[in-house]
J.: 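The structure that follows is given in the form of structure tokens.
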Amino acid sequence: MSKTNYDLQLSPVKSNIRIRFAPSPTGYLHVGGARTAIFNWLFARKYGGSFLLRIEDTDVERSGTDMVEAILQSMRWLGLDWDEEVVRQSDRLDIYSKHIDELIDGGHAYKCFCTKEELDRRREATNDKKQDYKYRHDRTCLKRDTDQIASLEREGRPFVVRLKLPMGVTSFHDEIYGDIKVDHRQLDDFILLRSDGYPTYHFAVVVDDHEMNITHVLRGEDHVSNTPKHILIYQAFGWQLPVYAHLPMILGPDKKRLSKRHGATSVGEYERAGYLPETMLNFLSLLGWSSGDDRELFNRSELVQHFSLDGIAKKSAVFDDKKLEWMNGQYIMQLSDQELLQLTLPYLKSSALLDDEFVARNRPYLDRVVALLKHRLKRIGDVVAMSGYFFQDPGEFEEKAVRKYWQDSEICAKLALLSTRLQELTEFDGEHIESVMRTLAEELETSAGKLIHPARLALTGVSFSPSMFEVMELLGKETVLRRLQAAMEYVKANRVTQETPGS
RNA sequence: GGCGCAUUCGUCUAGUGGCCUAGGACGUCGGCCUCUCACGCCGGUAACACGGGUUCGACUCCCGUAUGCGCUACCA
């Protein structure tokens, strides 16, 4: 009952909703940030609002310009398009300082000349728990008169600007978490403008959201506790509040906040490993949101169609790589052979399995190779490990399989016979190959498997592959005969060493 | 420590007081298909954190405890 019904309230076509994603360029776009971006984007697209991007680069130390482009790149990869020019906080320093003056003039904020060292000392001197120290307890600098302040400024003493916290309680409504109340005693005269002239996150967020006419703030749950501070700033300005909706966090398998030590966390890493953007979009959407029914697979437009704030959970979610893998497999299977080939090519080329010339000449062959592999791939990058024998004769044979399939004393004779029969075959296709092998197996009074497995090892070097008949057809008669020959030679050579004592 | 928020199978989740003998998905286990590996299909496994209330009736509402996470910075 507490949630707003946007479906009824808003036109599905066009609305005044303005929403933003505001990453700080201190690293690549990680999956948690991506999930926030996705929810914002879905919300905007669903209700015909505008989706904006703002780079929060007020931390000069940790921000990197190259990170900005990397983040935008990941956004594009995910298909999250934004509607207006990207806003950078570092371009807006004059705006913040203009607004800070407004607050100081209005008596809502004040300059503070206390140094960090001084504050540490005071914190240390607090008898109670250290965390209990609050600047508002002494407000040393709020007590200074204008002359004093002017003279300190003339001396060139660095200062920060603090919010003059009113007493009382701030409560607000969160679309996900409901009503939240915080007593100002928990807060402090927190800093709005740092001594280097840069705004703090709290100040910049409020000024920008207001200036950009942001109507809805959809961000991580870690900001719930910050929201009262932001509201206090809005109130100091007399500005109208946006609607708040906080999203549950994404955790690692150990239930700790997702971080580097959990392995891959940036969307770029998933991209490189061969996850599809469709997969990431779908999977991340399901982390903390559900449509309400049993559906799991949603394409982009279906997500837009079904998305709703009502479906968002309160509980933080663990990122499950296994489910991601499964889902990626599902999306890979939906790809056409041509699309799959296009995606696998970069991996194949960089592995030196094939080059441009080969690609140009063997298009149909490659289409069929990926078609055979399609149901086996979890990640596009897996193609390299699974397709070697389509491009090169096996250099070695899987040891365990050799022991299992080639220890038969008759094996060479069988392979030779198979080779002969295949050579005689005029129509070298799967169907005919199958009948040759099955017939031969019958003649030899053995099962087809007893022929197929050794042949697979000979042709691929490993014990698993797609259908042997189809693989043979694709490889072509010449290659098949050559590899069978090589296998027989290997077996003979291997026999000799086996007879050597001590081996 | 203080304050805030959360708590359904291993994981993602459905559930808004009787529809719950708690549903689906991933994983896992077993089987089928089968030339192997996959795919696919069938079946099994497994959860309401705990304790008090409220109610004719609680997974659902209230209180407490525990646990986890967040904020408590001149990081965002």
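Computed from a predicted structure; not experimentally measured. Throughout, protein chains are lettered first and strands after them, A, B, ... in sequence-line order, and every chain is numbered starting at 1.
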J.: Does anything in residues 376-391 of chain A come within less than 4.0 Å of RNA chain B? Heavy atoms only, and list the residues if so.
T.: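 Close to the strand are A/R376, A/K378.
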
J.: When you measure from the side chain of A/F464, which nucleotide among B/C5, B/U13, B/C37 comes out closest?
T.: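 Of B/C5, B/U13, B/C37, B/C37 is nearest to the side chain of A/F464.
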
J.: Within the 4.0 Å heavy-atom criterion, would you say A/G220 contacts the bases, only the backbone, or no part of the nucleic acid?
T.: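 Since no nucleic acid heavy atom lies under 4.0 Å of A/G220, the category is nothing.
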
J.: Please classify the nucleic acid contact of A/F469 as base, sugar-phosphate, or nothing, using heavy-atom distances under 4.0 Å.
T.: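 A/F469: base contact, heavy atoms under 4.0 Å.
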
J.: Give one of base, sugar-phosphate or nothing for A/D222, where a contact means two heavy atoms less than 4.0 Å apart.
T.: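 Counting heavy atoms under 4.0 Å across all strands, the contact made by A/D222 is with sugar-phosphate only.
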
J.: Looking at B/C26, B/C75, B/C39, which one has an atom nearest to any side-chain atom of A/K323?
T.: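 Selected nucleotide: B/C26.
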
J.: What nucleic acid atoms does A/S463 come within less than 4.0 Å of, heavy atoms only: base, sugar-phosphate, or nothing?
T.: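 Base: the residue A/S463, judged by heavy atoms under 4.0 Å, touches a nucleobase.
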
J.: Taking the ring of A/F21 and the ring of A/W82, is the distance between their centroids below 6.0 Å?
T.: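 Centroid distance A/W82-A/F21: not below 6.0 Å, so no.
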
J.: Can you check the distance between B/C35 and B/G15, where both ends of the measurement are the P atom (answer in whole Å)?
T.: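 My reading of the P atoms in B/C35 and B/G15 gives 45 Å.
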
J.: B/C74, B/A14, B/G23: which one has an atom nearest the side-chain heavy atoms of A/D294?
T.: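 Of the candidates, B/G23 comes closest.
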
J.: Donor-acceptor check, side chain of A/S419 to backbone of A/L415, threshold 3.5 angstrom: yes or no?
T.: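 Not at all, since once roles are kept as given, no pair shorter than 3.5 Å links the two residues.
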
J.: Check every atom of B/A25, B/A6, B/G70 against the side chain of A/E296 and return the nucleotide holding the closest atom.
T.: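 In terms of side-chain proximity for A/E296, the closest of B/A25, B/A6, B/G70 is B/A25.
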
J.: Would you please indicate yes or no on a ring centroid separation below 6.0 angstrom for A/H306 and A/F298?
T.: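 Yes, the ring centres sit under 6.0 Å apart.
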
J.: Look at the side chain of A/Y177 and decide which nucleotide, out of B/U72, B/C12, B/C5, has an atom nearest to it.
T.: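 The answer is B/C5.
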
J.: Tell me which one of A/E470, A/R456, A/R376 satisfies side chain to side chain donor-acceptor pair (under 3.5 Å) with A/S465.
T.: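 One option only clears the test, and that one is A/R456.
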
J.: Let's test your reading of the model: under 3.5 Å, does the base of B/C69 pair with the side chain of A/S316 as donor and acceptor?
T.: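 There is none.
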
J.: Please state whether the phosphate of B/C69, meaning OP1 or OP2, lies under 4.0 angstrom from any side-chain nitrogen or oxygen of A/R257.
T.: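 For B/C69, neither OP1 nor OP2 has a side-chain N or O of A/R257 closer than 4.0 Å.
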
J.: Would one find a side-chain N or O of A/S290 under 4.0 angstrom from OP1 or OP2 of B/A14?
T.: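 So the side chain of A/S290 is within the cut-off, an N or O lying under 4.0 Å from OP1 or OP2 of B/A14.
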
J.: Applying a 4.0 Å non-hydrogen cut-off, can you work out what A/V318 is touching in the nucleic acid: base, sugar-phosphate, or nothing?
T.: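 Sugar-phosphate, no base atom in range.
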
J.: Measure from NZ or CZ of A/K164 to the centre of the six-membered ring of A/Y110, then state whether that distance is under 6.0 Å and the direction lies within 45° of the axis.
T.: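 No, A/K164 does not lie over the aromatic ring of A/Y110.
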
J.: Tell me whether the rings of A/H246 and A/F172 are parallel (<30°), tilted (30 to 60°) or perpendicular (>60°).
T.: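 Rings of A/H246 and A/F172: perpendicular, over 60°.
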
J.: Any chance you could lay out the ring pair (Phe, Tyr, Trp, His ring centres under 6.0 Å) test for A/H453 and A/Y405, step after step, and finish with the verdict?
T.: CA-CA 7 Å; A/H453 296 307; A/Y405 299 122; 5.0 Å; yes

J.: In whole angstrom, give me the gap between the P atoms of B/A14 and B/U60.
T.: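 Nearest-Å result for B/A14 against B/U60 at atom P: 16 Å.
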
J.: Can you tell me how far P in B/G43 sits from the matching atom in B/G51, rounded to whole Å?
T.: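 About 35 Å, rounded to a whole number of Å.
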
J.: Determine yes or no for a side-chain-to-main-chain donor-acceptor pair under 3.5 angstrom, with A/Y177 supplying the side chain and A/K314 the backbone.
T.: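 Yes; at least one donor-acceptor contact below 3.5 Å.
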
J.: Between B/C61 and B/C5, how far is it from one P atom to the other, in whole Å?
T.: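 Looking at atom P only, B/C61 and B/C5 are 15 Å apart.
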
J.: Which nucleotide, B/C12, B/C69, B/A76, lies nearest any side-chain atom of A/H223?
T.: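 Comparing B/C12, B/C69, B/A76 against the side chain of A/H223, the answer is B/A76.
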
J.: Which is more 5' along RNA chain B, the nucleotide nearest A/R456 or the one nearest A/C112? Just name the residue.
T.: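 It is A/R456 whose nearest nucleotide is closer to the 5' end.
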
J.: So, A/R257 and A/D222, do they make that salt bridge, N to O below 4.0 Å?
T.: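 Looking at A/D222 together with A/R257, the answer is yes, because their closest N to O distance falls below 4.0 Å.
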
J.: Distance check, P atoms only: B/U65 and B/C20, in whole angstrom units.
T.: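 Between the two P atoms, the distance is 35 Å.
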
J.: At under 4.0 Å between heavy atoms, what does A/H202 touch on the DNA or RNA strands: base, sugar-phosphate, or nothing?
T.: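 Contact class for A/H202: base.
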
J.: Base, sugar-phosphate, or nothing: which does A/K374 touch, judged by heavy atoms less than 4.0 Å apart?
T.: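 Since no nucleic acid heavy atom lies under 4.0 Å of A/K374, the category is nothing.
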
J.: Taking A/D57 for the side chain and A/S90 for the main chain, is one N or O donor matched with an acceptor at less than 3.5 Å?
T.: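 Pair found, side chain donor or acceptor close to backbone of A/S90.
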
J.: Give a yes/no answer on whether the side chain of A/K315 brings an N or O atom under 4.0 Å of OP1 or OP2 in B/U8.
T.: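 A/K315 to B/U8 OP1/OP2: side-chain N or O found under 4.0 Å.
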
J.: Check every strand shown and say whether A/P248 touches a base, only sugar-phosphate, or nothing at a heavy-atom separation below 4.0 Å.
T.: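 The answer is nothing, as A/P248 stays clear of every strand by at least 4.0 Å.
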
J.: Using a cut-off of less than 4.0 Å, is there contact between a side-chain N or O of A/K256 and OP1 or OP2 of B/C69?
T.: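 Looking at the OP1 and OP2 atoms of B/C69, one of them is under 4.0 Å from a side-chain N or O of A/K256.
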
J.: Would you say the side-chain atoms of A/W406 pair up with the backbone N or O of A/P454, donor to acceptor, closer than 3.5 Å?
T.: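 Yes, the answer is positive, given that a donor and an acceptor are paired below the 3.5 Å cut-off.
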
J.: Taking only N/O atoms, report every protein-nucleotides 40-49 of chain B pair under 3.5 Å with atom names and distance.
T.:
from, atom 1, to, atom 2, distance (Å)
B/G40, OP1, A/Q330, NE2, 3.3

J.: Side chain of A/R295, backbone of A/L297: donor and acceptor closer than 3.5 Å?
T.: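 Flag set: sc A/R295 to bb A/L297 pair under 3.5 Å.
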
J.: Is the gap between the ring centers of A/F307 and A/F39 under 6.0 Å?
T.: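 That pair passes the under 6.0 Å test.
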
J.: Would you indicate which nucleotide in B/C5, B/C35, B/A76 comes nearest to any side-chain atom of A/N226?
T.: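 Of B/C5, B/C35, B/A76, B/A76 is nearest to the side chain of A/N226.
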
J.: Over all strands shown, is A/G288 touching base, sugar-phosphate only, or nothing at heavy-atom distances under 4.0 angstrom?
T.: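 Sugar-phosphate contact only.
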
J.: Please tell me which of A/D183 and A/L324 maps to the more 5' nucleotide of RNA chain B, matching each residue to the nucleotide holding its nearest heavy atom.
T.: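 The residue closer to the strand's 5' end, by nearest nucleotide, is A/D183.
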
J.: Please determine whether a side-chain nitrogen or oxygen atom of A/T58 lies at a distance below 4.0 Å from atom OP1 or OP2 of B/A76.
T.: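 Yes, such a contact exists.
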
J.: Hey, can you pull the residues of residues 434-455 of chain A with a non-hydrogen atom under 4.0 angstrom from RNA chain B?
T.: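 Nucleic-acid contacts, sorted: A/R438, A/I452, A/H453.
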
J.: Please determine, for the side chain of A/D320, which listed nucleotide (B/G70, B/C74, B/U11) has the closest atom?
T.: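 Of the options given, the side chain of A/D320 lies nearest B/U11.
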
J.: Can you tell me which nucleotide in B/C35, B/G4, B/A76 comes closest to the side chain of A/R194?
T.: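 Given the options B/C35, B/G4, B/A76, the side chain of A/R194 is closest to B/A76.
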
